[in-house]
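To find a chain, count down the sequence lines: A is the first, B the second, and so on, and within it residues start at 1.
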Amino acid sequence: MTMVATKRLRSGILLLASAATMAFVATFAVLTLVNSGSGPAPERQLDGAAPARTTDGQIKQLQAQVREAPKQAGLWAELGETYLQKVRETGDASFYTRADGVLQRALALEPQGLEGLVGAGTLALARHDFSGGLRYGLAAHRVAPRLARPLGVIVDAQVELGRYGDAARTLQRMVDLQPDLASYARISYFRELHGDLGGALYAMRLAVSAGGGAPENVAYVQTLLGNLLFERGSLRAARAAYEQAIARFPNYVPAGAGLAKVDAADGRFESAIRRLRNAVARLPLPEYVVALGETEQAAGRATDARRDLALVGAEEKLLRASGVNTDVDLALFEANHGSPARAVTLARRAWAQAPSVRSADALGWALTRSGHPAAGLRWAKRALRLGSVDPTFLYHAGMTAQAAGRTSLARAWLRKSVANNPRFSPLYAPRAQAALR
Amino acid sequence: MKRAILVVVVALALLVPATAGAHPLGNFSVNHLVTVSVSSDRVDLRYTLDQAEIPTFQERDLPRNQVLAHKQAEVKRALHLTVNGHAVPLVQGLGKLSAPPGQGGLPLTRVELPLSAAVHNPRSVRVDDETFPDRVGWKAVVAEPGKGTAVRSTAPSGDPTDGLRHYPQDMLSSPLAERTATLTVTPGTGTLTAPRAVGGSTTTDRSGDGFAGVFADAAAGKGALLLLILTAFAWGAVHALSPGHGKTMVAAYLVGTRGTAKHALGLGATVTITHTIGVFALGLVALLLAQFILPEQLYPWLSLVSALLVLGIGASVLRSRLRARKRGHGHHHHQHHHHEHEAPSKKTILALGASAGLLPCPSALVVLLAALASHQIPLGIGLILVFSLGLAATLTCLGLLVVYAQRLSARLRVPGRITALVPVLSSLGIVAIGVVMTAKAVPQLA
């Protein structure tokens with residue numbers, strides 16, 4: 001009896017066990033189906049599902065690819081360059097650190113990898129390590145002599161290092177190999193440095209129409225086009241160029257700062273200040289902070305100006321704490337708004353590292369402001385040796401010559417500084433006009 | 001100002017954190033984190049802000065309380081809570097502002113602000129953090145378990161930044177830019193299912209009771225180990241008293257049979273082993289099949305299996321006892337004999353123990369996953385075993401109590417007719433429990 005009951009129980013349990021197993025299998029099947037369908041699944045979209053056309057999408061995709069194939073130097077390098085593009089778009093510094101790590105990994109895997117070398121060169125230039133950038137560019141060029149991209153890194157480094165003859169030859173080879181946005185934009189800058197505004201405008205228009213790359217790249221050359229138009233005094237055309245840049249890349253900070261410049265030239269200080277505040281809030285580069293302070297000064301808001309300009313001093317402290325002390329913009333800031341003696345120190349360092357006309361201009365102006373106009377004049381002439389018509393260079397040179405007692409030279413330079421755009425700066429254009437009277 | 005920038009060169013030297021002292025997300029970043037936990041009657045949020053040197057410097061002229069007021073106003077303006085499709089106002093608690101030292105002798109700004117909203121029966125909760133638009137920085141929404149709810153979250157459950165104090169530097173992942181979270185809420189025991197956090201490893205978080213906390217303490221080296229083991233045992237014992245662990249069923253079965261202390265102990269051992277195995281099996285499912293199946297989706301099915309098992313046991317025991325009774329009537333008239341017909345079989349004890357231990361306690365599962373994540377596997381397994389032992393101890397005690405109570409009642413010479421009915425009634429009881437369990441388990445499947 002007990003045996004029978006146990007037997008029955010045993011078969012019952014067996015039945016139940018098999019039923020349970022079946023239930024489990026069915027559960028898996030059903031849930032797998034349910035989960036693959038719709039419903040608020042807690043997992044976020046898979047990496048590959050993000051649209052790859054945006055920079056963020058590209059980054060996600062490359063991150064996933066690198067994880068899949070961590071031995072592929074090319075993928076690491078591509079990710080590094082995409083990180084650099086992200087910095088260009090947002091100014092998010094943490095991507096610099098990431099780009100650095102990723103590019104180093106690419107070069108460790110493949111020391112002569114083209115993409116790794118180009119990326120490392122670009123990063124070095126962004127960090128103002130121009131000789132390092134040149135070394136990487138040349139190494140990349142040796143790997144791929146028929147490619148334009150390494151030449152771009154080389155040109156940038158040569159221009160910043162003041163080797164204009166070399167830069168011209170490299171640039172010619174680059175544009176012969178690949179006439180595109182990158183080469184046209186560099187030609188434009190090169191012509192501008194030599195005082196050929198018309199030629200620079202023509203080349204920049206070619207760069208804009210060549211297009212390509214990320215939307216930010218086109219917005220950037222449109223902004224540069226706006227800057228050239230502003231320099232030539234075509235305020236309305238400049239405004240249109242900046243607005244096109246913003247239409248292509250919403251909230252684009254450099255273009256917003258450009259619009260502020262046009263507003264200030266039109267006498268609309270309130271709007272200019274508002275735009276610059278917005279720019280500074282999102283990307284507080286010394287360049288924009290100084291523009292804000294100087295516009296406030298021009299608008300008669302001395303207290304606001306002093307307050308905002310103090311931020312540049314804080315930024316200098318941060319830079320010093322990071323071991324950076326060569327920035328030309330900071331040298332000019334010290335010369336105009338801070339300690340001219342410190343400006344001289346900063347500008348000398350900048351010249352030692354990057355003997356360009358820009359460094360020469362900053363050093364000359366720093367010397368003049370610290371009471372050495374005769375020495376300043378020598379550097380001002382060096383800054384203008386290519387024939388540049390940059391109004392700020394000319395204004396500095398003119399004021400320097402005046403302080404050095406060279407009145408006719410001073411008048412010639414000052415007149416030239418306001419010839420193209422009589423309102424090139426809300427603060428310095430009126431001073432140039434006053435000095436001419 | 002003259003630009004020297006060509007297309008690929010951006011002179012952002014300021015942004016390059018060249019030394020370890022620099023803010024890892026840049027000197028002008030504005031980083032914020034929202035932690036959200038949904039309980040059955042309230043939603044709690046915690047807003048944390050870490051503002052780097054430059055924006056802090058820009059506010060240097062303002063007194064501290066005004067800076068805090070500005071941040072509170074920004075949170076009020078741009079942090080939104082939506083419950084069941086309706087916007088719900090958030091009540092701000094006492095905000096805290098501090099100024100940790102940053103780079104170059106400049107301070108940072110740190111704000112911690114608790115917020116809450118009273119809600120009724122939340123089913124879907126959405127958090128939108130639109131504070132500080134367009135600012136560079138780490139932005140994250142993180143979910144935490146609440147009380148009396150089972151939450152599925154689109155936001156991760158772990159915060160790898162330790163409240164924005166340090167940031168992951170993994171070069172293969174971007175800083176988080178998460179400004180929204182959607183949480184699906186059902187009544188539950190304080191569980192949370194959320195995706196893996198970047199740089200973190202949490203998948204499921206603390207459940208209703210304190211067992212997970214015991215593991216956290218043990219892993220952190222807090223408290224004496226012996227004391228923690230005793231606590232884990234106690235949690236297991238207490239847990240057995242919560243509904244759904246077959247106490248009544250165990251009692252009903254033993255009442256109907258001539259169970260001995262040996263049987264009660266065997267039952268306890270089975271429960272311990274099944275429960276431990278169940279936890280590991282479910283843990284494996286959670287780890288290996290997490291893409292296809294969530295542990296909490298598995299629970300209703302496990303409940304059903306367990307219920308069906310009980311139903312089956314009840315049915316077969318009832319049938320065999322009815323037969324035994326019939327035959328007992330036919331051949332023997334001695335009132336004491338029917339007990340000898342049926343001592344509890346090993347198989348039934350096993351099935352009973354299995355049905356009681358099959359449903360792993362969620363907190364035991366959490367401990368297992370936490371142990372795996374923190375590489376404290378022996379500790380985790382040990383604690384789970386102790387916890388299961390506690391669980392079994394309660395059931396065994398109950399069984400022993402029933403066994404001895406039966407012997408006592410046998411001495412009291414209860415009228416034979418009633419005693420003869422007990423086995424049948426008790427097996428009917430098991431069937432009833434099985435029916436109730438099944439009835440409870442089925443709606444959960446939907």
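The closest donor-acceptor contact from the side chain of Arg186(A) to the backbone of Ala182(A) lies under 3.5 Å. Formation of a donor-acceptor pair under 3.5 Å by the Ser153(B) side chain with backbone atoms of Ala155(B) is found in this model.
In this structure, no portion of Phe424(A) lies under 4.5 Å from any heavy atom of chain B. For chain A, no part of Pro55(B) is nearby; none of its heavy atoms comes within less than 4.5 Å. Of the two parts of Tyr83(A), only the side chain, counted from C-beta on, holds a non-hydrogen atom closer than 4.5 Å to a non-hydrogen atom of chain B. For chain B, no part of Ala362(A) is nearby; none of its heavy atoms comes within less than 4.5 Å. Heavy-atom distances place both the backbone and the side chain of Leu172(B) under 4.5 Å from chain A. Of the atoms belonging to Arg307(A), heavy atoms from both backbone and side chain fall under 4.5 Å from chain B. When heavy atoms are compared at a cutoff of 4.5 Å, Ala207(A) does not approach chain B at all. Only the side chain of Leu79(A) comes within less than 4.5 Å of a heavy atom of chain B; its backbone N, CA, C and O stay farther away.
By the 4.0 Å N-to-carboxylate-O rule, Lys86(A) lies too far from Glu216(A) to be salt-bridged with it. We find that Arg98(A) and Asp170(B) are not joined by a salt bridge, their nearest charged nitrogen and carboxylate oxygen being 4.0 Å or further apart.
No side-chain N or O of Glu81(A) forms a donor-acceptor pair with one of Gln85(A) less than 3.5 Å apart.
For the pair Arg135(B) and Phe132(B), the cation-pi criterion (under 6.0 Å, within 45° of the ring axis) is not fulfilled.
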